[in-house]
Every structure is written in C-alpha cells, then in structure tokens.
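Quantities reported herein were computed from a predicted structural model and do not represent experimental measurements.
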Number of protein chains: 2
Amino acid sequence: MAETRTRGRRERLRAETAAEIKDVALRLMASGGPDAITLRAIAREMGMTANAIYGYFATRDDLVTALIDDVYTGLADAVDAAWAATAADDPAGRIRAWAHAFRNWALANPAGFRLIYGDPVPGYQAPEGGAAPDAAQRVCTGLTALAAAAWPRASEASEASEDFQWSDFDAGLLSKIRPAFPDLPPAAVALALRIWGHLHGLLCLEIYGHLRTQMLNPDKLFREELAQLVRSLGLTA
Amino acid sequence: MAETRTRGRRERLRAETAAEIKDVALRLMASGGPDAITLRAIAREMGMTANAIYGYFATRDDLVTALIDDVYTGLADAVDAAWAATAADDPAGRIRAWAHAFRNWALANPAGFRLIYGDPVPGYQAPEGGAAPDAAQRVCTGLTALAAAAWPRASEASEASEDFQWSDFDAGLLSKIRPAFPDLPPAAVALALRIWGHLHGLLCLEIYGHLRTQMLNPDKLFREELAQLVRSLGLTA
DNA sequence: ATCGAAACTTCACGCCGTATAGTTTCCGCA
DNA sequence: TGCGGAAACTATACGGCGTGAAGTTTCGAT
C-alpha cells in the first residue's frame with residue numbers, strides 16, 4: 001500500500017504540475033491573447049525551463065489542444081447549467097437563458113472564445129478526437145434541445161423552404177442527437193444550426209471588436225435578437 | 001521634365017515593388033493562412049532580404065494593415081457590385097444577391113476573411129484610420145441600404161421590443177448613414193446589424209470549419225437562412 | 001564626373017518551438 | 001539501509017521569426 005500511496009503521490013504531483021501549466025497558459029492567454037501562450041513564457045512564470053514542459057505535453061499544439069478541451073468543456077458546462085436551471089415548460093425562457101449564458105461566458109473569456117472559434121494560435125491544427133469535439137456536440141445537442149422544444153410551434157409559424165434530409169447532416173452528430181430526440185425532423189436540426197449562427201455571429205462581431213465600432217451597447221442588440229428569435233419561433237407569450 | 005520623368009520612374013518602380021510585396025503576401029496567405037505572412041518568406045520569394053521590405057513598410061503590422069485595407073476593399077467592392085447589379089424594386093432579391101456575394105467572396109478568400117474578421121496575425125493591433133474602416137462602413141452602409149429598403153414592410157411584420165435611439169450607435173457610422181437614409185429610424189440600423197450578425201455567424205462557422213463537422217452542405221443552410229430572413233422581413237412574394 | 005539619396009545587404013539581438021544529451025531527484029525494492 | 005533506475009528537469013544547439021544599426025551598391029541630378 002506504500003506503493004499505491006507513492007504512486008498516487010507521483011501521479012498527483014504530475015497532475016498538479018500539468019494543471020499548473022494549463023493554468024498559467026490560461027492566465028497568459030487571458031492577459032495577452034492566444035498568442036501569449038508560449039512554452040518559454042509559461043516556463044518563465046513557473047521558474048522552469050521551457051523544455052520541462054515537454055515532459056507533460058509532447059508539443060505546444062498538444063498543450064493548446066488540452067486548453068481548448070478545458071475551455072470548450074467549460075463553455076459546454078456553462079450553457080448546460082443555464083439550460084438545466086430553467087423550467088422545461090418555458091422554451092422561450094430556456095432559449096434566452098442559454099443564449100445569455102453563452103454570451104456571458106464569451107464576454108468573460110474572450111481569449112477562450114477566440115481559442116475555440118477563431119484561429120487559435122499560429123499554425124495550429126486540431127487533432128482528431130479529444131474532449132473538444134465532445135464539448136462541441138454537447139453545445140450542439142443543447143441547441144438542438146432548444147430547437148426541439150420550440151419546434152412544435154416554430155414549424156407552424158414558418159415552414160422551411162428548403163427540404164432537409166438526414167443525409168444533409170454529419171453522421172456523428174445524428175448518432176448523438178436522433179436517439180435523444182426521436183420525433184425531431186431534419187429541418188429542426190437545421191433550425192438549431194441557424195440559431196447557433198445568429199448567436200455566434202453577433203458574438204463574433206462583438207468579441208473581435210467589429211460591433212463596437214458601429215454600436216455602443218451590443219447588449220441591446222443581443223436582447224433584440226433574442227426577442228425576434230423567440231417571436232419568429234412563435235413563442236411569444 | 002527629365003526630372004519629372006525620372007521621378008515618375010522611381011516612384012513607379014517603388015509602387016510596383018510595394019504592390020509585388022503585397023501580392024506575394026496575399027499568395028502566401030492564400031496557401032498557408034494568415035500566419036504564413038512573414039517578412040522573411042516574402043523576401044525569400046522575391047529574392048530579397050527580409051530587411052529590404054522595411055523600405056516599403058515600416059513594420060510587419062503596417063504590411064498587414066495594408067493587406068487588410070486591400071482585402072476589405074475587395075470585399076466591399078464585391079458586395080456593392082452585387083447590390084448595384086440588382087433591381088431597386090426587388091428588396092428581397094437585393095438581400096439575396098448581397099448575401100450570396102458576401103458568402104462567395106468569403107469562400108473564395110477564406111484567408112482574407114480570417115484576416116479581416118479573425119485574429120489576423122499574432123499580436124497585430126489595428127491602427128486608427130486607413131482604408132479598412134472605410135470599407136467596413138461601406139459594407140455596413142450596404143447593409144443599411146438593404147434594411148432601409150425592407151424597413152417599410154419589415155416594421156409592420158414585427159415591431160422591435162427594444163427601443164433603439166440614435167445615441168445607441170457610433171457617431172461616425174451615423175454621420176455616413178443618416179444623410180443617405182433620412183427617413184430611417186434607429187431600429188432599422190439595429191436590424192441591419194442583426195442581419196449582418198446572421199450572415200456573419202453562419203459564415204464564420206463555415207470558414208472556421210465548425211459547420212462542416214455538423215452539416216455536409218452549408219449551402220443549403222445558408223439558403224434557408226436567407227429564405228427565413230426575407231420571410232421575417234415580410235418580403236415574400 | 002561627381003555628389004547624394006534611395007535601395008538593398010550584412011550582421012546582430014532577442015524571441016520562439018523543439019531535438020538531443022546530460023544531470024539531478026527520489027521512489028521501490030533487495 | 002542502500003542501490004538501481006525511472007522520472008523530472010537542465011544545458012546546449014538549430015533554424016526561423018521581427019527588427020535595429022551600420023555598411024554597401026545603384027543610379028538619377030547637377
């Protein structure tokens with residue numbers, strides 16, 4: 001049992017160091033943008049050599065991947081929590097809560113938002129698997145839940161002009177979504193993606209500073225967007 | 001007059017070299033993304049030393065600024081042309097044409113889109129003036145023209161829930177817009193920005209690869225978005 | 001022919017990521 | 001208790017990056 005204790009100790013130390021590396025990286029990113037994530041700066045901050053980090057992350061891209069995983073998971077947690085904290089019989093309220101949670105998270109973590117949705121860092125190429133795609137699908141699933149709850153009335157309010165089929169969508173996405181929402185038509189998934197686009201667009205413009213050169217308080221625009229959204233979904237009380 | 005001839009010659013050579021630098025930079029960007037814009041790579045391509053470029057652009061950021069100016073102007077030209085090529089009495093057609101021109105330009109110049117709307121390049125900070133803000137306002141003005149044409153019917157179709165005032169918007173924007181559209185209420189400008197957000201969001205998701213992991217043909221989603229947009233504006237024939 | 005400005009090169013510095021090899025630390029077992 | 005060896009970390013090096021200072025070439029104006 002001494003063995004397990006010490007092995008546990010080693011692993012714990014290792015995990016703590018890895019966590020500290022990511023922590024410092026996140027702090028650097030928050031203060032200087034995604035480009036400030038340099039192995040040397042992190043090491044400097046931790047009183048180490050840059051190469052020591054290679055014991056924890058094989059490459060800088062691996063570190064960035066880990067950060068993206070963490071950050072994206074944080075976002076997914078935030079929006080899921082907002083979803084769970086609202087009443088199931090109030091689809092409009094859920095949409096509003098979800099959207100505001102998304103925006104608040106983005107405004108609180110602008111560098112994280114850029115890391116996830118923008119060019120993360122020079123020459124970075126996202127790997128195949130990992131937590132980030134999972135988180136992305138959680139976000140997408142949350143969105144689909146919103147669209148699913150709104151669908152009955154939304155489909156009456158305005159029928160789609162394109163006819164969507166299941167073959168229009170990615171199989172991986174569907175494998176997670178269709179079991180959860182058996183009665184959902186393909187057009188509702190398209191609606192979910194469109195809603196995502198609406199929110200993402202305003203947020204991108206705001207985070208990257210394109211909105212503030214035109215409009216003084218993006219808050220108001222965002223609220224108006226949500227109001228029109230729930231209206232167009234036929235959810236106005 | 002020999003003086004003017006030779007001075008002209010010098011200046012022409014100088015302008016040609018500057019143009020070639022930007023040209024090479026754009027080519028590098030197109031093939032390797034915005035990060036591929038390095039002074040050394042450009043110089044290598046041109047058979048020069050990296051420092052020779054400093055004779056034309058004081059710093060790398062200045063070069064990037066010039067590129068952004070050019071690229072943004074190109075985008076503004078593209079959407080303006082699409083606007084001008086459609087009938088004034090067909091607001092829905094103009095919206096569709098404008099939006100498709102925007103998307104086609106973005107898909108044809110993904111690196112340019114990132115350069116304008118994303119993190120252009122590590123640590124780049126946009127300067128105060130220049131052609132880029134002008135182009136941005138041209139795009140915004142075009143958008144406002146679309147919203148203005150749609151406004152009469154759009155305002156009936158769904159009244160805004162937020163009450164927008166002129167003080168909500170940037171003075172520089174208004175100084176260009178209000179003279180051109182005297183009868184426009186503030187809410188219509190907000191509508192223009194919201195439309196921008198809708199298109200920008202889908203485009204961002206597509207360009208940065210977040211849509212293709214969910215949906216196989218973003219075309220269809222974009223067309224549906226436009227169809228719902230003109231519908232929500234009360235422009236369906 | 002010559003002066004001088006403009007164009008360009010060379011060299012240097014400090015950053016960066018990363019590979020290789022060497023050094024220290026310290027756990028697990030005999 | 002002492003030792004073998006793995007794990008953590010450092011030292012050194014390479015090439016690429018932006019950029020500054022100084023030197024060199026080119027070439028039009030006088």
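For the OP1/OP2 pair of D/dC17 and a distance below 4.0 Å, the side-chain nitrogens and oxygens of B/Arg60 include no atom meeting the criterion. The phosphate of D/dT10 (OP1 or OP2) has no side-chain N or O of A/Tyr54 nearer than 4.0 angstrom.
Within 4.0 Å of B/Tyr56, counting heavy atoms only, lie sugar-phosphate atoms of the nucleic acid but no base atom. In this structure, A/Thr59 reaches the sugar-phosphate backbone alone: every heavy-atom distance under 4.0 Å involves primed, P, OP1 or OP2 atoms, never a base.
With rounding to whole Å, B/Ile37 atom CD1 is found 13 Å from D/dC17 atom P. If you measure from atom CG of A/Leu39 to atom P of C/dA19, you get 11 Å, rounded to the nearest angstrom. For B/Asp35 and D/dG18, the CG to P distance is 11 Å, given to the nearest whole Å. Going from atom CD of A/Glu20 over to atom C1' of D/dA8 covers 14 Å, rounded to whole Å. Atom CZ of B/Phe57 is separated from atom C1' of C/dA6 by 17 Å (rounded to the nearest Å). Between the C1' atom of D/dA8 and the CD1 atom of A/Ile21 lies a distance of 11 Å, rounded to the nearest Å. Remark: P of C/dT18 and CG of A/Asp61 are 7 Å apart, rounded to the nearest angstrom. Between B/Arg12 atom CZ and C/dA7 atom P there is a gap of 14 Å when expressed in whole angstrom units.
Under the ring-ring contact (aromatic ring centres under 6.0 Å, His included) criterion, A/Phe222 pairs with A/His100, not counting sequence neighbours. Every side chain to side chain donor-acceptor pair (under 3.5 Å) that A/Gln165 has, sequence neighbours left out, goes to A/Asp163. With sequence neighbours excluded, the residues forming a side chain to side chain donor-acceptor pair (under 3.5 Å) with A/Arg223 are B/Glu162, listed by chain and number. In terms of the side chain to side chain donor-acceptor pair (under 3.5 Å) criterion, A/Gln137 has no residue partners (sequence neighbours excluded). Under the side chain to side chain donor-acceptor pair (under 3.5 Å) criterion, B/Glu45 pairs with no residue, sequence neighbours left out.
B/Leu63 CG to B/Ile42 CD1: the interatomic distance, rounded to the nearest 0.5 Å, is 5.0 Å.
Of the possible donor and acceptor atoms, none in the side chain of A/Arg40 sits under 3.5 Å from a partner among the backbone N and O of A/Ala50.
Near-neighbour residues of DNA chain C inside residues 40-51 of chain A, defined by a heavy atom below 4.0 Å, number-ordered: A/Arg40, A/Arg44, A/Asn51.
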